[in-house]
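Structure first, commentary second.
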Amino acid sequence: MEAIHVGLLGLGTVGSGVVKIIEDHQDKLMHQVGCPVKVKKVLVKNMDKERQVHLEKEIFTTNVDDVIKNPDIDVVIEVMGGVEETRQHLIEALQAKKHVVTANKDLMAVYGTELLSIATENGCDLFYEASVAGGIPILRSLVDGLASDRITKMMGIVNGTTNFILTKMTKLGSAYDEVLKEAQDLGYAEADPTSDVEGLDAARKMAILARLGFSMHVDLDDVKVKGISSVTDDDIGYSKRLGYTMKLIGIAQRENGKIEVAVEPTLLPESHPLAAVNDEYNAVYVYGEAVGETMFYGPGAGSLPTATSVVSDLVGIMKNMRLDVNGRSAVAPQFEKQLKSPEHIYAQHFLRITAKDQVGAFSNITSLFSERGVSFEKILQLPIKNSNLAEIVIVTHKAAQSDFEEILQHLNDLEVVEEVKSTYRVEGNGSI
Ligand SMILES: NC(=O)C1=CN([C@@H]2O[C@H](COP(=O)(O)OP(=O)(O)OC[C@H]3O[C@@H](n4cnc5c(N)ncnc54)[C@H](OP(=O)(O)O)[C@@H]3O)[C@@H](O)[C@H]2O)C=CC1
Ligand SMILES: N[C@@H](CC=O)C(=O)O
Ligand code: NA
């Protein structure tokens, strides 16, 4: 082949990184696939915008058909974001026999199954490594590196923006809004950062990971989600005092064929390997029955790290082209999806309660837990200055989610309880 021609949908943070890598690593790309890679067309919204990379003016277009229906383009790289309109563009690109690389987890979490089957029907590759944990080759590791194993647990920090925010709040005492702005300026956050801070971006990534790791059709709605927008300095302060670090953690576990997938702010012991993953870095811990513990660490967001995954997917497509095996790598799910019920989901919990500082208050509270067989691992009780209230902070031993939810309902009804201020999952005491 004389050259591979690629068309880009989008030239923002990730798209500019893709163009830079294609230019700067051209010799490596040629060595791997035996021909040059050329950027033929780039779809943008605003033709007049100043760009991070230099491309000839005639390469730019605002007409998507110049990319997805262009007979000279072999591979479409989708780095524009969005869901419904983008889905339509990619369906048309695949039907026009273009291979596709996308960094779009919003799209893959919802329409991944549909798009992969359209790709297979059309003999095309659809790769999406950059959609989960930016520059970490985690999808390839699950699909290829761990293909022979049965994965039972994945636990990860899969959102760079929230990890950046929590790190700065914890280590520097920075204010939430200020650090969010910094993460946006650095190009880590989504166009609408609500999906980062409310945990939806991480939930999308966990749905993709669970699908591949457990070989089941996991829907986005199957993922329980709680974000970090309500985390306060006080919560972080009490966590530290009890020896924990607060992280937004995605958890996917399988037991007896049933799975749980969740994303929530979680307290980890400071000695936990994920507690040391800071700033925009991501890490995914994967436990396989045969391999045991593995952990994948790297930058989860940002221009060049994310673009590395995109261009590596492009190399994968080009290698498949040389072997004439495009469109054959997607594997249908092996198992029927079965979700764990709340009676079978066990975790430790942190609770912060304000209660009346009076005789019997504490025993009223503890009896709610003991009636359901839930015991405490750690307790702090501190009087609140100039009031007749006390702050009680509890870390429970493992409890079923159904029991814990019932306890919470009853706590709110107790006369001695002023307010349940916050609750968080606690993970990783003992083993990871
Ligand atoms: N930023 C990151 O660290 C990561 C991002 N991703 C994903 O990669 C994708 C791109 O993200 P990012 O580069 O940060 O986004 P940006 O907002 O920086 O860039 C988006 C690009 O797409 C173009 N674009 C958007 N909508 C349209 C449209 N309707 N028609 C034509 N052009 C359009 C924009 O054009 P114009 O420049 O003219 O406005 C811009 O060039 C998203 O799916 C994101 O979730 C994945 C991993 C990490
Ligand atoms: N907004 C995302 C970007 C990468 O997926 C993040 O912060 O992780
Ligand atoms: Na990745």
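Both ligands and their constituent atoms are indexed starting at 1 by order of listing.
Side chain of N326 to main chain of G123: no donor-acceptor pair is present (N/O by atom type, distance under 3.5 Å, no hydrogens or angles). Within the 3.5 Å criterion, the main-chain N or O of G327 finds a donor-acceptor partner in the side chain of D125. Judged by distance alone, the side chain of R352 and the main-chain N or O of D234 form no donor-acceptor pair under 3.5 Å.
Every atom of ligand 2 with a heavy atom of K205 under 4.0 Å away is listed here by number and element: 2 (C), 4 (C), 5 (O), 6 (C), 8 (O). Of all atoms in ligand 2, numbered sequentially from 1 with element shown, those under 4.0 Å from a heavy atom of K105 are 2 (C), 3 (C), 4 (C), 5 (O). Annotation for ligand 2: atoms under 4.0 Å from non-hydrogen atoms of E190 are 1 (N), 2 (C), 3 (C). Close contacts of ligand 2 with D196, meaning ligand atoms under 4.0 Å from a residue heavy atom, involve 1 (N), 2 (C), 6 (C), 7 (O). Taking every heavy atom of N159 and a limit of under 4.0 angstrom, the matching atoms of ligand 2 come to 2 (C), 6 (C), 7 (O), 8 (O). Every atom of ligand 2 with a heavy atom of T161 under 4.0 Å away is listed here by number and element: 1 (N), 6 (C), 7 (O).
Taking any N or O of S131, backbone or side chain, none lies under 3.5 Å from an N or O belonging to ligand 2.
Regarding atom 8 (O) of ligand 2, its nearest protein heavy-atom neighbour is G160 N, 2.7 Å.
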Kindly list each side-chain donor-acceptor pair under 3.5 angstrom involving residues 200-208, sequence neighbours excluded, with atom names and distances?
unit_1, atom_1, unit_2, atom_2, d
D201, OD1, K105, NZ, 3.3
D201, OD2, N159, ND2, 2.7
D201, OD2, K205, NZ, 2.6
R204, NH1, D106, OD2, 3.1
K205, NZ, V158, O, 2.8

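Between E92 and the choices K97, K98, K69, R87, the salt bridge (charged side-chain N to carboxylate O under 4.0 Å, His left out) rule is met once, by K69.
Two residues are said to be in side-chain contact when any heavy atoms from C-beta on lie closer than 4.5 Å; K224 and Q401 meet this criterion. No side-chain heavy atom of V100 sits under 4.5 Å from any side-chain heavy atom of V75. Counting only heavy atoms from C-beta outward, the side chains of T396 and L351 approach each other to under 4.5 Å. Side chains of V6 and I73 form no contact here, defined as non-hydrogen atoms less than 4.5 Å apart.
Defined by atom type and a distance below 3.5 Å, a donor-acceptor pair is present between the side-chain atoms of E343 and S341.
Residues passing the ring-ring contact (aromatic ring centres under 6.0 Å, His included) test with F404, sequence neighbours excluded: H349.
For the pair R140 and F127, the distance from NZ or CZ to the six-membered ring centre is under 6.0 Å and the angle to the ring normal is within 45 degrees.
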Is there a side chain to side chain donor-acceptor pair (under 3.5 Å) between H25 and D27? Walk through the geometry before answering.
CA-CA 5 Å; H25 299 189; D27 58 333; over 6 Å; no
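Taking the six-membered ring for Trp, Y297 and Y281 have ring centres closer than 6.0 Å.
Contact analysis puts G300 in contact with ligand 2, with a non-hydrogen atom separation below 4.0 angstrom.
Protein residues are said to neighbour a ligand when one of their heavy atoms lies under 4.0 Å from it; for ligand 1 these are G10, L11, G12, T13, V14, L43, V44, K45, N46, K49, R51, V79, M80, G81, E85, A103, N104, K105, A130, G187, E190, A301, G302, T306.
Each protein N/O/S atom under 3.0 Å from the Na ion (ligand 3) was counted, for a total of 4.
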